[in-house]
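Comments concern the structure below.
Hydrogens, waters and symmetry mates are skipped; everything else that's a heavy atom, side chains included, is used. Read the numbers this way: they start at 1 and go in the same order the structure lists the ligands and their atoms.
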Amino acid sequence: MADCIFCKIVKGEIPCHKVYEDDSVLAFLDIAPCSKGHTVVIPKQHGETVFEFSRNANGHLMGAAIDVMKILKEKVKCQGFNVGWNHGKAGGQAVSHVHVHVIPRYEGDQGGSMHSIVTSSKEGDVDEVAALL
Ligand code: 5GP
Ligand code: ZN
């Protein structure tokens, strides 16, 4: 997509520090890292969310993200990770091109877990949602 910043990185129009690349996936260092080694893993094909990609394509993206974890573990010697993606405006997605954040974690880095992203759940939510399923 012409005005997409990540498509421009894929095309080489904007430089990046490459971490991993294959035929359909590119991974590069985040320009505003949450921790040392923070990397984004993207499909080369433009799509706003994972819902626009096939199960196979999404599976390949996840496999590449796991390869990136292995590379980072080796290179930056982190002890853990948070891995995931901000999906949609409500989920904090700023760049409208699918990207998996691979965020290295270090002992004593003062960071939180998935449970620190949002804490809006109310009593009774589990039963209410379970009834919907
Ligand atoms: P989002 O908030 O959409 O999940 O994450 C977008 C990420 O892309 C942010 O962490 C941001 O720092 C990163 N980012 C935005 N523009 C650029 C860029 O031009 N180059 C690189 N390497 N990262 C970028
Ligand atoms: Zn794009």
(message) Assess the residue pair I14 and I5 against the criterion (side-chain contact (heavy atoms from CB on, under 4.5 Å)); give the C-alpha distance rounded to whole Å, side-chain angles, the decisive distance to 0.1 Å, and a yes or no.
(response) CA-CA 8 Å; I14 293 175; I5 202 154; 3.6 Å; yes
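- Between F28 and F6, the ring planes are perpendicular. Angles over 60° get that label, and only those under 30° would be called parallel.
- Expressed to the nearest 0.5 Å, how far CG of D30 lies from SG of C16 amounts to 11.5 Å.
- Excluding waters, the protein N/O/S atoms found under 2.8 Å from the Zn ion (ligand 2) are C4 SG, C7 SG, H46 ND1, H97 ND1.
- Ring centroids of F81 and Y106 are separated by 6.0 Å or more, keeping the two rings apart.
- The backbone N or O of G112 sits less than 3.5 Å from a side-chain atom of R105, completing a donor-acceptor pair.
- Ion pairing between K122 and E128 fails under the 4.0 Å rule for side-chain N and carboxylate O.
- Tested against K44, the residues D23, V25, V10 include a single side chain to side chain contact (heavy atoms under 4.5 Å, CB included) partner, V10.
- A distance limit of 4.0 angstrom between heavy atoms and ligand 1 selects the residues I5, F6, I9, F28, L29, D30, I31, A32, N86, G92, Q93, A94, V95, H99, H101.
- Checked against a 6.0 Å centroid threshold, the rings of H99 and H97 do not count as neighbours.
- By the 6.0 Å contact criterion, CD on Q45 is open, its count of non-hydrogen atoms from other residues, nucleotides or ligands being 12 or less.
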